[in-house]
Student: 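Please see the structure below; I have some questions.
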Amino acid sequence: MGSGKQRWRISFHKSPIKVKHPPKEFICPISGSLMADPIIVSSGHTFERHSVLACKSLSFTPILPDKSIPNFSTIIPNLALKSTILNWCSSSHIHPPIPLDFISTENLVRTLMATQNTNNSKNCDVMNRFIESVSAQLNRQISTTSEESVTPTSPLTRPCCYSSASSSEMDPTNPNSCEEDELIVKLKSSQVFEQEEAVISLRKLTRTREETRFQLCTPRLLSALRSLISSRYASVQVNSIAALVNLSLENGNKVKIVRSGIVPPLIDVLKGGFPESQEHAAGALFSLALDDQNKTAIGVLGALPPLLHSLRSESERMRHDSALALYHLSLVQSNRAKLVKLGAVQSLLGMVRTGHMTGRILSILCNMAASLEGRGSMLDGGAVECFVGMLRKGEFDAESIRESCVTALYGLSHGGLRFKGLAKEAAAEDLLITLEEILESEKAKDKVRKILEALREKDEEEEEIDWEELLNSHGDTSSA
């Protein structure tokens, strides 16, 4: 003290770290973990959302540690508790909770199911031991996080992950996974009203939202939806197929849908489902047939016969979509060969003669004329006489029909001597000369010129041909 200066001895030492344990109401009674997305159920209990969805998916009702039995019929987000949990995490300098994925939660619930039996006290003991075990693991994680938070390199502020983007981090795989999980639980429910609610909801969600169509078109959802397509309840069947049509509008979904095994039940509905369901089924097959990777598979799975039958449906919408589906499917050679074996050519020519969906049917026949089997069947079925007769009458509502007739004749013109004989009998050459002058499309005019070249081309064999004998050798070609 003689120097007039006081000497202060200051000692620094680490204070013991006090680990904060989460309040009991922050813990999910089923999973035993800190809740990331708490919800309130009808009975007033609060759980992690995935825990409830997993229980509903497995039709399981747990007995809670206090021996109460929850009611999962209604779920409401507990936004106040969620905000409180996040604030607690921030003040405790720990990361916000991330929910366990749905599949892992389902496995957890299955474990509880295996241990739960008729003895309620035993159930509670099992549940308590399970929760204590998970809680111990959680406390160790919190302890570790708290120790890290007081190191010099870690600022005592909110962690980087706790930001405006933290909601996406809670579910890094799919922002719509909760929505998808809820739909799947209801789609797989044994209660018809829940199935109906789910398919109606899915139909609405996918009607205009393109991003949602892509996000919800998952193997899990398609698997759940597939079983409902054959439902004996009209509303469930109709809305499930309508929702599928919406999903198929996204180009990236078309192959996934076919690979999910959903085409066979669609075909079954087309054969004998509810009338409105049949309309949607035809639309779905048309939409799926737009992708080249699907065309062969749809034909192999047996869609061609019911689609042909649907061309004579009383529903205009069903006829329209079935014709479009057949047009796109007939772009593939394997399907053209199948259609010939099914006798489709004769049926299609009959429709053209009676004016039944002339434009749509002609487009299919144009595809058929591009193949060897299709040409042969069309030549034998009187196609040349039919098309030449239509062109001669000129009674068309649209120029496109005239051009379709020319396109079909151009495909048939590759039929060699057989085509020449039939064209000569139908007096096609003079008509084609006239058409070349009046057609508007240069593309159609070019096809007429090529047909005329084929007719005028002389072969050495042709000079000795008895045309009458050639025509008669293939039977009567005046009718289909």
Student: Which is it for Phe72 and Phe47 under the ring-ring contact (aromatic ring centres under 6.0 Å, His included) test, yes or no, and what are the steps along the way?
Tutor: CA-CA 10 Å; Phe72 295 145; Phe47 302 94; 5.6 Å; yes
Student: Between Ser231 and Gln237, does the side-chain hydrogen bond (donor to acceptor under 3.5 Å, both in side chains) criterion hold? Intermediate values first, please.
Tutor: CA-CA 5 Å; Ser231 173; Gln237 188 182 98; over 6 Å; no
Student: Does either side chain, that of Ser31 or that of Glu48, offer a donor lying less than 3.5 Å from an acceptor on the other one?
Tutor: no
Student: Just to verify, which of Lys56, Arg49, Arg220 counts as forming a salt bridge (charged side-chain N to carboxylate O under 4.0 Å, His left out) with Asp181?
Tutor: Arg220
Student: I'd like to know if the side chain of Arg336 and the backbone of Met368 have a donor-acceptor N/O pair within less than 3.5 Å.
Tutor: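 Flag not set: sc Arg336 to bb Met368 has no pair under 3.5 Å.
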Student: Which heavy atom of Val332 sits nearest a heavy atom of Thr296, and at what distance?
Tutor: CG1-OG1, 3.5 Å
Student: Return yes if a side-chain donor-acceptor contact under 3.5 Å exists between Ser42 and Ser73, otherwise no.
Tutor: yes
Student: Would you kindly say whether Ser315 and Gln278 are connected by a side-chain donor-acceptor distance under 3.5 Å?
Tutor: no
Student: Are more than 12 heavy atoms, taken from residues, nucleotides or ligands other than Arg317, located less than 6.0 Å from that residue's CZ atom?
Tutor: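 Atom CZ in Arg317 is packed in, count exceeds 12.
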Student: So, for Cys178 and His50, which heavy atoms are closest and what is the spacing to 0.1 Å?
Tutor: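 Looking at all heavy atoms of both residues, the closest pair is SG-NE2, 4.1 Å.
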Student: Of all the heavy-atom pairs spanning Leu221 and Ile184, show the shortest one and how long it is.
Tutor: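 Closest pair (atom of Leu221, atom of Ile184, distance): N-CD1, 3.9 Å.
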Student: Under a plain distance cut-off of 3.5 Å, with no hydrogens placed, do Asn239 and Arg203 share a side-chain donor-acceptor pair?
Tutor: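 Looking only at side-chain atoms, Asn239 and Arg203 do form a donor-acceptor pair, the distance falling under 3.5 Å.
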Student: Return yes if a side-chain donor-acceptor contact under 3.5 Å exists between Asn367 and Ser330, otherwise no.
Tutor: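 Checked: Asn367/Ser330 side chains pair up, N/O donor to acceptor below 3.5 Å.
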Student: Keeping Thr407 on the side-chain end and Glu403 on the backbone end, is there a donor-acceptor pair under 3.5 Å?
Tutor: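 Checking the backbone N and O of Glu403 against the side chain of Thr407, a donor-acceptor pair under 3.5 Å is found.
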Student: Heavy atoms, side chains only, cut-off 4.5 Å: are Met357 and Val352 in contact?
Tutor: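 No, their side chains stay 4.5 Å or more apart.
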Student: Any luck finding a side-chain donor-acceptor pair between Glu196 and Ser235 under 3.5 Å?
Tutor: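 Ser235 and Glu196 do have a side-chain donor-acceptor pair below 3.5 Å.
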Student: Would you say NE2 of His356 has more than 12 non-hydrogen atoms from neighbouring residues, nucleotides or ligands within 6.0 angstrom?
Tutor: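 Yes, NE2 of His356 has more than 12 neighbouring heavy atoms, counting only those of other groups under 6.0 Å.
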Student: Please check this pair: side chain of Ser201 against backbone of Ala198, looking for a donor-acceptor N/O pair closer than 3.5 Å.
Tutor: no
Student: If you apply the rule side chain to side chain contact (heavy atoms under 4.5 Å, CB included), what do you find for Asn71 with Val41, and how did you get there?
Tutor: CA-CA 6 Å; Asn71 182 346; Val41 298; 5.7 Å; no
Student: Quick check: closest heavy atoms across Pro62 and Pro70, and the distance to 0.1 Å?
Tutor: O-CD, 3.2 Å
Student: Under a 3.5 Å threshold, yes or no: a donor from one side chain and an acceptor from the other, between Gln191 and Gln195?
Tutor: no
Student: Could you go step by step and tell me if Cys405 and Leu362 meet the side chain to side chain contact (heavy atoms under 4.5 Å, CB included) rule?
Tutor: CA-CA 7 Å; Cys405 284; Leu362 276 173; 4.0 Å; yes
Student: Is the number of heavy atoms from other residues, nucleotides or ligands under 6.0 Å of Glu25 CD greater than 12?
Tutor: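 Enclosed.
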Student: Looking at Leu288 and Asn294, what are the two nearest heavy atoms and their distance?
Tutor: O-ND2, 3.0 Å
Student: Take Leu339 and Leu326, measure what side chain to side chain contact (heavy atoms under 4.5 Å, CB included) needs, and give me the verdict at the end.
Tutor: CA-CA 9 Å; Leu339 287 170; Leu326 285 168; 4.3 Å; yes
Student: Are Lys256 and Phe214 in a cation-pi contact, defined as NZ or CZ under 6.0 Å from the six-membered ring centre and within 45° of the axis?
Tutor: yes
Student: Can you give me the closest heavy-atom contact between Pro99 and Ala36, atom names plus distance?
Tutor: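 Residues Pro99 and Ala36, closest heavy atoms: CD-CB, 3.5 Å.
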Student: Might you work through the side chain to side chain contact (heavy atoms under 4.5 Å, CB included) test for Ile27 and Met35, ending with a clear yes or no?
Tutor: CA-CA 6 Å; Ile27 302 299; Met35 289 184 282; over 6 Å; no
Student: Could you check whether Thr218 and Glu180, counting side-chain N and O atoms only, form a donor-acceptor pair closer than 3.5 Å?
Tutor: yes
Student: Mark yes when over 12 heavy atoms from residues, nucleotides or ligands other than Lys188 sit less than 6.0 Å from its NZ; otherwise mark no.
Tutor: no
